[in-house]
Trainee: 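Structure below; questions to follow.
Reckoned from all heavy atoms, side chains included, excluding hydrogens, waters and symmetry mates. In what follows, residues are counted from 1 in the order of the sequence shown. When a ligand or atom number is given, it counts from 1 through the structure's own listing order. Note that this is a predicted model, so its numbers are computed, not measured.
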Amino acid sequence: MSQIRVALPVPLYQHFDYLLPEGLQVQVGVRVLVPFGKRELVGIVWQLNPPDAFADKLKPIKAVLDQQPLFGEAIRQLLSFAADYYHHPLGEVLVSALPALLREGKAVLAGHGRVLQLTEQGRALSASELNRAPRQLALWQRLQQSAIRDDDLSGESTTIKAMLDKGLVSWQTVPFTAFVPQPDRQQPLQLNPAQALAVSAINQAAGSFSRFLLEGVTGSGKTEVYLQAISPVLQRGEQVLVLVPEIGLTPQTLARFAKRFAVPLQIWHSNMTDQERLLAWQRSASGDAAITIGTRSALFLPFARLGLLIIDEEHDASLKQQDGFRYHARDLAVKRAALAKCPIVLGSATPSLESLYNVQKGKFAHLPLPERATSQQVPKIELLDLKQQVLKHGLADGTLAQIKQRLQRGEQVMLFLNRRGFAPALICHECGWLTECQRCAAFTTFHKQSRQLVCHHCGACRPVPHQCGHCGSTQLAPVGQGTEQLEEQLQQLIPDFPVIRLDRDSTRRKGSLETLLSEIQRGEPAIIVGTQMLAKGHHFPNVSLVVIVDVDSALYSSDFRASEQLAQLLTQVAGRAGRGDIAGTVLLQTHYPGHPLLQDVIQNGYSSFARSALLERQQTRLPPYQHLALFRTESFDSQDGVAFLSIIQQLIATHCPKVQYLGPLKPPLERKAGKFRWQLQLFCQDRRLLHQALDLALEQSRNLPLARKIKWQLDVDALDLN
Ligand code: ADP
Ligand code: ZN
Ligand code: ZN
């Protein structure tokens, strides 16, 4: 009997070897069912006859589940690389890459890339026979015109099942080349010189691994560059993957792509059903999906012929997974492109310092789009000094006057406040007691509409108390301001115009984001209030004034990335102003109008800011000039975490002199959900040395008794230092 090494979805750092019984055949990449303790698990064959397998005591596998490998060499290499780089168990990395149904051992769907059509019996039917089933009747009538692709049949599954059972319809697999072009297809725009240069640079790189940073101010026509770079790829019959940061962006982006290309297009995001995911996964593998637009995990889709990879808004923090397998989709996407030998384009109006550094080092080619593509002017940014001003609900008189003026001219106004809820806390008027979360070192946010105190860190919720928890007074009042409050107050101050609020609370229900967005898109004068959700890529042509209610809290932060994030946010929010025919204005309310960061961003723009910020990172020896890895702990005992991290710190101090460390230290949020938190930051200029240190630390610490008592994790290239 031969031996096989199997990757299993368990959080363990080790190999799992099994025996292959006589008569069974496997290839690398197929799924097998194996005994694991008292359970049975579905795993993927990773290696045949591994030279270091222990021949005795191995158990035989139970079954082989696939005839063909689920994914090829490139994806296997990507997953191995990711497991090594992030020091994460391969099995858990696999979980990110496989749709749930395949992990559970379900069969690969036979009929993917299929159309529904009437059977002989279905065609012979007369309409009256379906009178009692109006949905079936409607579908039957549609099917008489032509067969329908399964993606155009969403929401019809019960109807289809009923008709399949009656033998009226059947699925038929079709090659996707048989696609009918959309009648209202959009023609490509005439490119301006900067766009043309970018497109031709990308096109020339076809078939080879090349990296591009498309740095284009908002409205510079980055999307048009993507579209025209995609076109020849599709003509060659290759597939395109477009990564977008958030699902909120997908419907709009999707529509733009669908209007341009008559090819099968699919989306990928976390709100899909298991069945939908499996279908999308298979269409990637078969080469049937020409364009895939998806959030970060789409980069693990097993495209048969990947010809181009695009990451839109490459600076966006949501490309980094913040729990479990903490990968950065941008970095892994670069690896993916290298394995597929295809170009990758990172696009942003506000590129990350990491990517700009890669341009400086010559790793990425720089494709700048310095001007807006249309004749629209770049919005004017004005600082509004709040010092000695009487504020009405957090707004200065000058701000209110401008808001009213814009509304009366029939334009829209957007107010940006990055705090949802009604108020960040309730305070006792008598003794100063503040509502705190009992499980976190944080205040609880007052949500007026739901009459609740909610902790935004652990999610704990409780009803609003009637009395002060300290002195019993009933005089509790909100302190500070959140979007819910701003909405209410604006509605009172300016009753003649609607106020639309866009934040995580107002968009929680399925479909509500789309409803709010389309209300804004109607363009009637309105006040739009929202959190950073507003900053992301939406296109609001009638917004002529953007007010950033409070920049001050972000100006003084302990996180070394705070200034980069603020500059990105200001620029992105400003980009929402004046995208139509109206000149836009951005008003920044601040007590520190002379702050160098604000001055730099306003006077010289993001790219000038970014270049000086990079210099500062170099001088202070911070990422991207150093590589950063972070150990985090959480424990009920306040000292266990620090004890565990001290052992790692001493180990590194003794054996890895080139690696610098900071800590163990308390993060800004010291306690979360009842657990004390600590972290140890490790820095090194040499990535290889840092990873050697991590290997050493992991190997030693896994065996410590403390490691089982606490929760701990390693975050390579950590973004979030909270
Ligand atoms: P970005 O993604 O860089 O913010 P968009 O791609 O959304 O910019 O383009 C902004 C606007 O400019 C869109 O309305 C788009 O149709 C228009 N546009 C882009 N390229 C051109 C061009 N070459 N000529 C005319 N209009 C263009
Ligand atoms: Zn909490
Ligand atoms: Zn009190």
Trainee: Is Pro668 close to Leu721 at the side-chain level, that is, under 4.5 Å between some pair of heavy atoms?
Mentor: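 When only atoms from C-beta onward are counted, Pro668 and Leu721 do not touch, as no gap falls below 4.5 Å.
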Trainee: For Ala373, take its heavy atoms, then give the atoms of ligand 1 lying under 4.0 Å from any of them.
Mentor: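 The atoms of ligand 1 under 4.0 Å from a heavy atom of Ala373 are 12 (O), 18 (N), 19 (C), 20 (N), 21 (C), 27 (C).
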Trainee: Can you name the atoms of ligand 1, numbered from 1 with element, that are less than 4.0 Å from a heavy atom of Asn192?
Mentor: 23 (N)
Trainee: Check contact between Gly216 and ligand 1, using heavy atoms of the residue and a distance below 4.0 angstrom.
Mentor: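 No, that is not the case, since the closest heavy atom of the residue is not under 4.0 Å from the ligand.
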Trainee: Less than 4.5 Å apart, side chain to side chain, heavy atoms only: is that true for Leu367 and Val199?
Mentor: no
Trainee: Measure the shortest side-chain to side-chain distance between Asn604 and Phe609 over non-hydrogen atoms and say whether it is less than 4.5 angstrom.
Mentor: no
Trainee: With 2.8 Å as the limit, jot down which protein N, O or S atoms are around the Zn ion (ligand 3).
Mentor: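 Listed by chain and number: Cys428 SG, Cys431 SG, Cys468 SG, Cys471 SG.
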Trainee: So for Arg256, does at least one of its heavy atoms come nearer than 4.0 angstrom to any atom of ligand 1?
Mentor: yes
Trainee: Could you check whether Ser635 and Asp637, counting side-chain N and O atoms only, form a donor-acceptor pair closer than 3.5 Å?
Mentor: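 No, no side-chain donor-acceptor pair sits under 3.5 Å.
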Trainee: Quick one: do Glu314 and Arg330 make a salt bridge, cutoff under 4.0 Å?
Mentor: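 Answer for the salt bridge query: yes.
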Trainee: Arg256 and Glu224: salt bridge (charged side-chain N to carboxylate O under 4.0 Å, His left out), yes or no, with the steps?
Mentor: CA-CA 10 Å; Arg256 280 181 83 172; Glu224 188 62 30; 5.2 Å; no
Trainee: For atom 20 (N) of ligand 1, state which one of Lys222, Gln190, Gln195 supplies the nearest heavy atom.
Mentor: Gln195
Trainee: Considering only heavy atoms, does Thr223 approach ligand 1 within less than 4.0 Å through its side chain, its backbone, both, or neither?
Mentor: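 Answer for Thr223: both.
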Trainee: Please indicate whether any nitrogen or oxygen in Gly221 is less than 3.5 Å from any nitrogen or oxygen in ligand 1.
Mentor: yes
Trainee: Side chains of Gln713 and Arg326: donor-acceptor distance under 3.5 Å anywhere?
Mentor: yes
Trainee: So, is Thr374 polar-close to ligand 1, with some N/O to N/O distance under 3.5 Å?
Mentor: no
Trainee: Are Glu487 and Arg420 within salt-bridge range, i.e. N to O under 4.0 Å?
Mentor: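 No, this pair does not count.
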Trainee: I'd like to verify the contacts: list protein N, O or S atoms under a distance of 2.8 Å from the Zn ion (ligand 2).
Mentor: Cys437 SG, Cys440 SG, Cys455 SG, Cys458 SG
Trainee: Pick one: which of Ile230, Ile291, Ile344, Leu243 meets side chain to side chain contact (heavy atoms under 4.5 Å, CB included) with Ile310?
Mentor: Ile230
Trainee: Hey, are Lys380 and Glu382 close enough for a salt bridge, meaning a charged N less than 4.0 Å from a carboxylate O?
Mentor: yes
Trainee: Taking the basic N atoms (NZ, or NE/NH1/NH2) and the acidic carboxylate oxygens, is any pair closer than 4.0 Å for Asp715 and Lys320?
Mentor: yes
Trainee: Determine whether a donor-acceptor pair (N or O, by modelled atom type, separation under 3.5 Å) exists between the side chain of Lys222 and the backbone of Gly347.
Mentor: no
Trainee: Aromatic rings Phe422 and Phe446: how do their planes relate, parallel, tilted or perpendicular, breaks at 30° and 60°?
Mentor: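 Aromatic pair Phe422/Phe446 classed perpendicular.
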Trainee: Could you verify whether a donor N or O on one side chain and an acceptor N or O on the other, from Gln572 and Thr350, lie under 3.5 Å apart?
Mentor: yes
Trainee: Indicate, as side chain, backbone, both or neither, the part of Arg372 found under 4.0 angstrom from ligand 1 when only non-hydrogen atoms are considered.
Mentor: neither
